[in-house]
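Here is the structure we will look at.
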Amino acid sequence: MVADRLAPFGATIFTTITALAHEHQAIDLGQGYPSWEGPDFVKEAAREALLHESNQYPPSMGIGILQRAIADRFLVTSGIEVDPSAEITVTSGCTEALAATFLGYLNPGDEVVLFEPAYDAYPVGCALAGAIPRYVTLHAPDFRFDETELRAAFGPRTRMIVVNSPHNPTGRVFDRAEMTLIAELCQEHDVVAVTDEVYEYITYGTEHIRMATLPGMWDRTLTLSSIGKSFSVTGWKTGWAIGPEPLTRALRAAHQYLTFTTPNPMQHGAAAALKAPESYFSELRSMYQAKRDTLVAGLQAVGFQATAPEGAYYVLADHRSFGFANDVEFVRNLITNIGVAAIPPSAFYHRSTEGDHLVRFAFCKDEATLRAALERIARL
Ligand SMILES: Cc1ncc(COP(=O)(O)O)c(C=O)c1O
(Lines give C-alpha, C1' and ligand atoms only; values in the text may rest on other atoms or scores of the structure.)
Protein backbone atom coordinates (compact mmCIF):
# COMPACT_ATOMS: atom_id res chain seq x y z
CA MET A 1 0.00 0.00 0.00
CA VAL A 2 1.34 3.47 -0.89
CA ALA A 3 0.10 4.72 2.51
CA ASP A 4 2.61 2.34 4.13
CA ARG A 5 5.42 3.90 2.13
CA LEU A 6 4.20 7.36 3.16
CA ALA A 7 3.71 6.44 6.83
CA PRO A 8 7.28 7.36 7.89
CA PHE A 9 6.66 10.93 6.71
CA GLY A 10 3.59 11.42 8.96
CA ALA A 11 1.96 14.86 8.90
CA THR A 12 4.00 17.56 7.16
CA ILE A 13 6.23 19.49 9.53
CA PHE A 14 4.33 22.63 8.47
CA THR A 15 1.02 21.22 9.70
CA THR A 16 2.54 20.19 13.02
CA ILE A 17 4.31 23.51 13.62
CA THR A 18 1.32 25.61 12.50
CA ALA A 19 -0.93 23.78 14.96
CA LEU A 20 1.56 24.26 17.82
CA ALA A 21 2.09 27.92 16.88
CA HIS A 22 -1.67 28.49 16.88
CA GLU A 23 -2.05 26.85 20.27
CA HIS A 24 0.61 29.15 21.78
CA GLN A 25 -0.38 32.25 19.77
CA ALA A 26 3.17 32.38 18.44
CA ILE A 27 4.32 34.76 15.71
CA ASP A 28 4.68 32.52 12.67
CA LEU A 29 8.12 32.64 11.06
CA GLY A 30 7.61 28.96 10.27
CA GLN A 31 5.60 28.29 7.15
CA GLY A 32 6.73 30.11 3.98
CA TYR A 33 3.65 32.17 3.13
CA PRO A 34 3.68 35.98 2.90
CA SER A 35 1.80 37.85 5.62
CA TRP A 36 0.25 40.13 2.95
CA GLU A 37 -2.02 39.45 -0.01
CA GLY A 38 -1.02 39.33 -3.67
CA PRO A 39 -0.97 42.40 -5.97
CA ASP A 40 -4.32 43.91 -6.95
CA PHE A 41 -3.75 43.57 -10.71
CA VAL A 42 -3.37 39.80 -10.25
CA LYS A 43 -6.41 39.40 -8.00
CA GLU A 44 -8.48 41.66 -10.30
CA ALA A 45 -7.70 39.45 -13.29
CA ALA A 46 -8.87 36.37 -11.37
CA ARG A 47 -12.02 38.19 -10.22
CA GLU A 48 -12.83 39.32 -13.76
CA ALA A 49 -12.43 35.74 -14.96
CA LEU A 50 -14.59 34.38 -12.16
CA LEU A 51 -17.40 36.80 -13.07
CA HIS A 52 -17.10 37.00 -16.83
CA GLU A 53 -15.28 33.91 -18.14
CA SER A 54 -16.17 30.24 -18.12
CA ASN A 55 -16.49 28.46 -14.80
CA GLN A 56 -16.45 25.05 -16.47
CA TYR A 57 -13.48 22.71 -16.94
CA PRO A 58 -10.54 24.51 -18.53
CA PRO A 59 -8.35 22.51 -20.97
CA SER A 60 -6.41 19.83 -19.11
CA MET A 61 -2.98 21.20 -20.09
CA GLY A 62 -3.84 24.82 -19.30
CA ILE A 63 -5.66 27.72 -20.93
CA GLY A 64 -3.99 29.12 -24.03
CA ILE A 65 -3.33 32.60 -22.65
CA LEU A 66 -1.54 31.23 -19.61
CA GLN A 67 0.54 28.78 -21.65
CA ARG A 68 1.48 31.73 -23.88
CA ALA A 69 2.32 33.98 -20.89
CA ILE A 70 4.53 31.23 -19.38
CA ALA A 71 6.28 30.76 -22.74
CA ASP A 72 6.83 34.53 -23.14
CA ARG A 73 8.28 34.88 -19.65
CA PHE A 74 10.49 31.81 -20.19
CA LEU A 75 11.81 33.33 -23.43
CA VAL A 76 12.68 36.58 -21.63
CA THR A 77 14.43 34.82 -18.75
CA SER A 78 16.11 31.93 -20.58
CA GLY A 79 16.32 32.86 -24.25
CA ILE A 80 14.57 29.58 -25.11
CA GLU A 81 11.51 29.63 -27.37
CA VAL A 82 9.06 26.87 -26.53
CA ASP A 83 5.90 25.55 -28.13
CA PRO A 84 3.26 26.54 -25.55
CA SER A 85 0.74 23.82 -26.39
CA ALA A 86 3.22 20.93 -26.63
CA GLU A 87 5.88 21.92 -24.09
CA ILE A 88 3.99 23.71 -21.30
CA THR A 89 1.62 22.08 -18.85
CA VAL A 90 -0.32 24.09 -16.27
CA THR A 91 -0.57 22.26 -12.96
CA SER A 92 -2.15 22.76 -9.55
CA GLY A 93 0.95 24.30 -8.03
CA CYS A 94 4.53 23.17 -8.33
CA THR A 95 3.57 20.42 -5.89
CA GLU A 96 1.32 18.77 -8.45
CA ALA A 97 3.92 19.28 -11.19
CA LEU A 98 6.41 17.42 -8.97
CA ALA A 99 3.99 14.59 -8.19
CA ALA A 100 3.02 14.21 -11.86
CA THR A 101 6.69 14.14 -12.85
CA PHE A 102 7.64 11.50 -10.29
CA LEU A 103 4.59 9.37 -11.10
CA GLY A 104 4.72 9.86 -14.85
CA TYR A 105 8.44 9.40 -15.38
CA LEU A 106 9.78 6.99 -12.76
CA ASN A 107 9.53 3.23 -12.45
CA PRO A 108 9.65 1.44 -9.08
CA GLY A 109 13.29 0.87 -8.14
CA ASP A 110 14.61 3.84 -10.14
CA GLU A 111 17.03 6.04 -8.24
CA VAL A 112 16.65 9.79 -7.80
CA VAL A 113 19.45 12.09 -6.64
CA LEU A 114 18.20 14.61 -4.06
CA PHE A 115 20.12 17.32 -2.26
CA GLU A 116 19.51 17.48 1.46
CA PRO A 117 18.15 19.44 3.20
CA ALA A 118 15.35 18.46 0.79
CA TYR A 119 11.92 20.05 0.42
CA ASP A 120 9.53 17.37 1.66
CA ALA A 121 7.71 16.83 -1.65
CA TYR A 122 10.83 15.19 -3.17
CA PRO A 123 11.28 12.20 -0.83
CA VAL A 124 7.50 11.81 -0.72
CA GLY A 125 7.41 11.90 -4.54
CA CYS A 126 9.97 9.10 -4.60
CA ALA A 127 7.86 7.10 -2.13
CA LEU A 128 4.74 7.62 -4.27
CA ALA A 129 6.54 6.32 -7.34
CA GLY A 130 8.38 3.51 -5.52
CA ALA A 131 11.70 5.16 -6.43
CA ILE A 132 14.79 5.28 -4.22
CA PRO A 133 16.29 8.62 -3.15
CA ARG A 134 20.09 9.01 -3.08
CA TYR A 135 20.96 12.00 -0.91
CA VAL A 136 23.82 14.44 -1.35
CA THR A 137 24.28 16.80 1.60
CA LEU A 138 24.63 20.56 1.22
CA HIS A 139 27.10 21.08 4.03
CA ALA A 140 26.69 23.91 6.55
CA PRO A 141 27.74 26.66 6.95
CA ASP A 142 27.96 27.55 3.25
CA PHE A 143 25.63 24.76 2.03
CA ARG A 144 27.71 23.63 -0.94
CA PHE A 145 27.91 20.00 -2.05
CA ASP A 146 31.04 17.92 -2.25
CA GLU A 147 31.87 16.92 -5.83
CA THR A 148 32.93 13.39 -4.82
CA GLU A 149 29.67 12.85 -2.93
CA LEU A 150 27.65 14.05 -5.91
CA ARG A 151 29.54 11.80 -8.35
CA ALA A 152 29.08 8.83 -5.99
CA ALA A 153 25.31 9.37 -5.89
CA PHE A 154 25.00 8.70 -9.64
CA GLY A 155 24.89 5.05 -10.71
CA PRO A 156 23.39 2.70 -13.29
CA ARG A 157 19.87 2.99 -11.81
CA THR A 158 19.83 6.81 -11.55
CA ARG A 159 17.02 8.28 -13.66
CA MET A 160 16.47 11.72 -12.20
CA ILE A 161 18.01 14.49 -10.14
CA VAL A 162 15.96 17.22 -8.49
CA VAL A 163 17.61 20.64 -8.46
CA ASN A 164 15.97 23.30 -6.31
CA SER A 165 17.62 26.69 -6.82
CA PRO A 166 17.08 29.16 -5.19
CA HIS A 167 16.99 26.54 -2.48
CA ASN A 168 14.56 26.00 0.37
CA PRO A 169 15.65 25.97 3.21
CA THR A 170 19.33 26.99 2.77
CA GLY A 171 18.82 30.00 0.48
CA ARG A 172 21.60 28.77 -1.79
CA VAL A 173 21.51 29.76 -5.44
CA PHE A 174 23.69 27.22 -7.24
CA ASP A 175 26.50 28.87 -9.17
CA ARG A 176 27.52 28.12 -12.74
CA ALA A 177 30.25 25.65 -11.74
CA GLU A 178 27.81 23.66 -9.58
CA MET A 179 25.11 23.68 -12.27
CA THR A 180 27.61 22.69 -14.95
CA LEU A 181 28.85 19.72 -12.92
CA ILE A 182 25.26 18.55 -12.37
CA ALA A 183 24.58 18.98 -16.10
CA GLU A 184 27.68 16.96 -17.04
CA LEU A 185 26.72 14.13 -14.69
CA CYS A 186 23.17 14.09 -16.11
CA GLN A 187 24.55 13.67 -19.61
CA GLU A 188 27.19 11.13 -18.61
CA HIS A 189 24.59 8.94 -16.84
CA ASP A 190 21.59 9.67 -19.09
CA VAL A 191 19.66 11.28 -16.26
CA VAL A 192 16.79 13.79 -16.36
CA ALA A 193 17.01 17.02 -14.32
CA VAL A 194 13.82 18.21 -12.66
CA THR A 195 14.24 21.77 -11.49
CA ASP A 196 12.08 23.34 -8.81
CA GLU A 197 12.34 27.07 -9.47
CA VAL A 198 9.48 28.43 -7.35
CA TYR A 199 11.85 31.08 -5.90
CA GLU A 200 13.21 32.00 -9.35
CA TYR A 201 12.65 35.76 -8.90
CA ILE A 202 13.77 35.97 -5.27
CA THR A 203 17.54 36.36 -5.49
CA TYR A 204 19.86 38.92 -3.93
CA GLY A 205 22.46 39.86 -6.49
CA THR A 206 23.25 36.25 -7.42
CA GLU A 207 22.31 35.11 -10.92
CA HIS A 208 19.59 32.45 -11.10
CA ILE A 209 20.78 29.96 -13.69
CA ARG A 210 18.21 27.78 -15.40
CA MET A 211 19.42 24.22 -15.91
CA ALA A 212 17.47 24.07 -19.21
CA THR A 213 19.78 26.74 -20.67
CA LEU A 214 23.03 24.79 -20.14
CA PRO A 215 24.51 23.03 -23.19
CA GLY A 216 22.79 19.71 -23.88
CA MET A 217 20.26 20.15 -21.08
CA TRP A 218 17.02 21.35 -22.71
CA ASP A 219 16.27 17.83 -23.93
CA ARG A 220 16.66 16.34 -20.48
CA THR A 221 15.21 19.04 -18.19
CA LEU A 222 11.76 19.69 -16.83
CA THR A 223 11.54 23.22 -15.42
CA LEU A 224 8.87 23.47 -12.73
CA SER A 225 7.60 26.61 -11.03
CA SER A 226 4.47 28.39 -9.87
CA ILE A 227 3.15 31.87 -9.13
CA GLY A 228 2.73 31.31 -5.37
CA LYS A 229 6.02 32.81 -4.19
CA SER A 230 6.65 35.25 -7.04
CA PHE A 231 3.25 36.93 -6.64
CA SER A 232 2.51 36.33 -2.94
CA VAL A 233 -0.48 34.08 -3.66
CA THR A 234 0.68 30.77 -2.19
CA GLY A 235 -2.96 29.72 -1.74
CA TRP A 236 -3.65 29.77 -5.46
CA LYS A 237 -1.68 26.59 -6.16
CA THR A 238 -1.18 27.42 -9.81
CA GLY A 239 2.04 26.21 -11.39
CA TRP A 240 3.53 24.72 -14.51
CA ALA A 241 6.06 22.42 -16.09
CA ILE A 242 8.14 23.41 -19.12
CA GLY A 243 10.04 20.77 -21.04
CA PRO A 244 10.61 18.92 -24.29
CA GLU A 245 7.70 16.95 -25.69
CA PRO A 246 8.80 13.41 -24.53
CA LEU A 247 9.25 14.55 -20.89
CA THR A 248 6.09 16.65 -21.04
CA ARG A 249 4.19 13.60 -22.32
CA ALA A 250 5.31 11.55 -19.30
CA LEU A 251 4.18 14.14 -16.75
CA ARG A 252 0.93 14.81 -18.63
CA ALA A 253 0.04 11.11 -18.46
CA ALA A 254 -0.14 11.45 -14.67
CA HIS A 255 -1.40 15.06 -14.55
CA GLN A 256 -4.58 14.34 -16.51
CA TYR A 257 -5.67 11.81 -13.89
CA LEU A 258 -4.26 13.50 -10.78
CA THR A 259 -6.09 16.82 -11.05
CA PHE A 260 -7.05 16.94 -14.77
CA THR A 261 -6.97 20.74 -14.67
CA THR A 262 -6.50 23.86 -12.53
CA PRO A 263 -9.25 26.41 -11.65
CA ASN A 264 -9.92 28.81 -14.52
CA PRO A 265 -9.93 32.12 -12.53
CA MET A 266 -6.51 31.34 -11.06
CA GLN A 267 -5.14 30.58 -14.51
CA HIS A 268 -6.37 33.97 -15.75
CA GLY A 269 -4.85 35.64 -12.69
CA ALA A 270 -1.55 33.83 -13.32
CA ALA A 271 -1.54 34.93 -16.97
CA ALA A 272 -1.97 38.57 -15.89
CA ALA A 273 0.74 38.14 -13.24
CA LEU A 274 3.32 36.84 -15.70
CA LYS A 275 2.76 39.87 -17.93
CA ALA A 276 4.01 42.12 -15.10
CA PRO A 277 6.70 44.64 -16.09
CA GLU A 278 10.32 43.93 -15.13
CA SER A 279 10.01 46.59 -12.42
CA TYR A 280 7.60 44.28 -10.56
CA PHE A 281 10.30 41.62 -10.23
CA SER A 282 13.06 44.05 -9.21
CA GLU A 283 10.78 45.60 -6.56
CA LEU A 284 9.98 42.11 -5.24
CA ARG A 285 13.71 41.44 -4.90
CA SER A 286 14.46 44.71 -3.10
CA MET A 287 11.50 44.25 -0.77
CA TYR A 288 12.75 40.79 0.24
CA GLN A 289 16.36 41.91 0.46
CA ALA A 290 15.40 44.53 3.09
CA LYS A 291 13.49 41.89 5.09
CA ARG A 292 16.39 39.46 4.80
CA ASP A 293 18.81 42.06 6.14
CA THR A 294 16.50 42.93 9.06
CA LEU A 295 16.13 39.29 10.07
CA VAL A 296 19.79 38.32 9.65
CA ALA A 297 21.01 41.36 11.62
CA GLY A 298 18.41 40.73 14.35
CA LEU A 299 19.35 37.07 14.68
CA GLN A 300 23.08 37.82 14.76
CA ALA A 301 22.53 40.48 17.44
CA VAL A 302 20.87 37.87 19.66
CA GLY A 303 23.69 35.34 19.24
CA PHE A 304 22.73 33.14 16.29
CA GLN A 305 25.33 32.22 13.71
CA ALA A 306 23.48 33.28 10.57
CA THR A 307 24.59 34.28 7.10
CA ALA A 308 22.49 36.13 4.56
CA PRO A 309 20.93 33.74 2.02
CA GLU A 310 21.58 34.27 -1.71
CA GLY A 311 17.95 33.63 -2.58
CA ALA A 312 14.48 32.47 -1.43
CA TYR A 313 13.04 33.85 1.82
CA TYR A 314 14.49 31.73 4.60
CA VAL A 315 17.41 32.03 6.99
CA LEU A 316 18.94 28.82 8.25
CA ALA A 317 20.56 29.84 11.53
CA ASP A 318 22.81 27.91 13.92
CA HIS A 319 21.17 27.78 17.36
CA ARG A 320 24.01 26.04 19.24
CA SER A 321 24.95 29.05 21.36
CA PHE A 322 21.62 28.66 23.22
CA GLY A 323 22.40 25.21 24.60
CA PHE A 324 19.52 23.07 23.34
CA ALA A 325 20.06 19.40 22.50
CA ASN A 326 18.71 19.66 18.95
CA ASP A 327 16.51 21.64 16.58
CA VAL A 328 13.24 20.06 17.71
CA GLU A 329 13.89 20.98 21.35
CA PHE A 330 15.02 24.43 20.34
CA VAL A 331 11.88 25.06 18.28
CA ARG A 332 9.59 23.62 20.94
CA ASN A 333 11.05 26.09 23.45
CA LEU A 334 10.88 28.92 20.92
CA ILE A 335 7.18 28.36 20.32
CA THR A 336 6.00 27.57 23.83
CA ASN A 337 8.19 29.96 25.90
CA ILE A 338 9.22 32.70 23.49
CA GLY A 339 6.13 32.84 21.27
CA VAL A 340 7.81 32.56 17.87
CA ALA A 341 7.34 29.66 15.46
CA ALA A 342 10.14 28.38 13.20
CA ILE A 343 10.86 25.10 11.45
CA PRO A 344 13.23 22.44 12.80
CA PRO A 345 15.20 21.58 9.66
CA SER A 346 16.12 18.02 10.68
CA ALA A 347 12.82 17.20 8.93
CA PHE A 348 14.61 18.12 5.67
CA TYR A 349 17.62 15.84 6.33
CA HIS A 350 17.65 12.10 5.66
CA ARG A 351 21.28 11.07 5.52
CA SER A 352 23.12 13.34 7.91
CA THR A 353 22.25 14.93 11.26
CA GLU A 354 23.53 18.35 10.18
CA GLY A 355 20.02 19.80 10.54
CA ASP A 356 20.05 19.24 14.32
CA HIS A 357 21.98 22.43 15.05
CA LEU A 358 19.99 24.60 12.66
CA VAL A 359 16.64 26.39 12.68
CA ARG A 360 14.73 27.83 9.72
CA PHE A 361 13.12 31.27 9.96
CA ALA A 362 10.93 32.60 7.12
CA PHE A 363 11.15 36.35 6.44
CA CYS A 364 8.19 36.66 4.04
CA LYS A 365 6.48 38.69 6.77
CA ASP A 366 5.63 42.38 7.11
CA GLU A 367 8.08 44.66 8.92
CA ALA A 368 5.96 44.87 12.10
CA THR A 369 5.74 41.07 12.35
CA LEU A 370 9.49 40.66 11.82
CA ARG A 371 10.29 43.33 14.43
CA ALA A 372 7.83 41.85 16.95
CA ALA A 373 9.30 38.38 16.41
CA LEU A 374 12.85 39.70 16.88
CA GLU A 375 11.85 41.46 20.11
CA ARG A 376 10.55 38.17 21.43
CA ILE A 377 13.58 36.24 20.17
CA ALA A 378 15.82 38.68 22.08
CA ARG A 379 14.41 37.09 25.26
CA LEU A 380 16.33 33.91 24.41
C1 LIG B 1 10.99 24.38 -2.86
C2 LIG B 1 9.50 24.43 -2.97
N3 LIG B 1 8.89 23.80 -3.98
C4 LIG B 1 7.56 23.81 -4.11
C5 LIG B 1 6.76 24.46 -3.20
C6 LIG B 1 5.27 24.42 -3.36
O7 LIG B 1 4.88 25.15 -4.47
P8 LIG B 1 3.33 25.28 -4.83
O9 LIG B 1 2.66 26.03 -3.73
O10 LIG B 1 3.32 25.99 -6.12
O11 LIG B 1 2.79 23.89 -4.94
C12 LIG B 1 7.35 25.12 -2.11
C13 LIG B 1 6.52 25.78 -1.10
O14 LIG B 1 6.95 26.10 -0.01
C15 LIG B 1 8.76 25.11 -1.99
O16 LIG B 1 9.38 25.73 -0.98
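Just so you know, these numbers use all the heavy atoms, side chains as well, and skip hydrogens, waters and symmetry mates. For ligands, and for the atoms within them, numbers begin at 1 and follow the listed sequence.
At most 12 non-hydrogen atoms from other residues, nucleotides or ligands lie less than 6.0 angstrom from CD of E37.
For H319, the ring pair (Phe, Tyr, Trp, His ring centres under 6.0 Å) test picks out F330, with sequence neighbours left out.
Classification of E278 and R73 as a salt-bridged pair holds, one side-chain N sitting under 4.0 Å from a carboxylate O.
Cation-pi geometry between R292 and Y204 is met: under 6.0 angstrom from the ring centre, within 45 degrees of the axis. Judged by a 6.0 Å distance limit and a 45° cone about the ring axis, K229 is not positioned over the six-membered ring of Y33.
The aromatic rings of F231 and F281 stand perpendicular to each other, their planes meeting at an angle above 60°, with 30° marking the opposite boundary.
Pocket lining of ligand 1, defined as residues with a non-hydrogen atom under 4.0 Å away: G93, C94, T95, Y119, Y122, N164, N168, D196, V198, Y199, S226, K229, K237.
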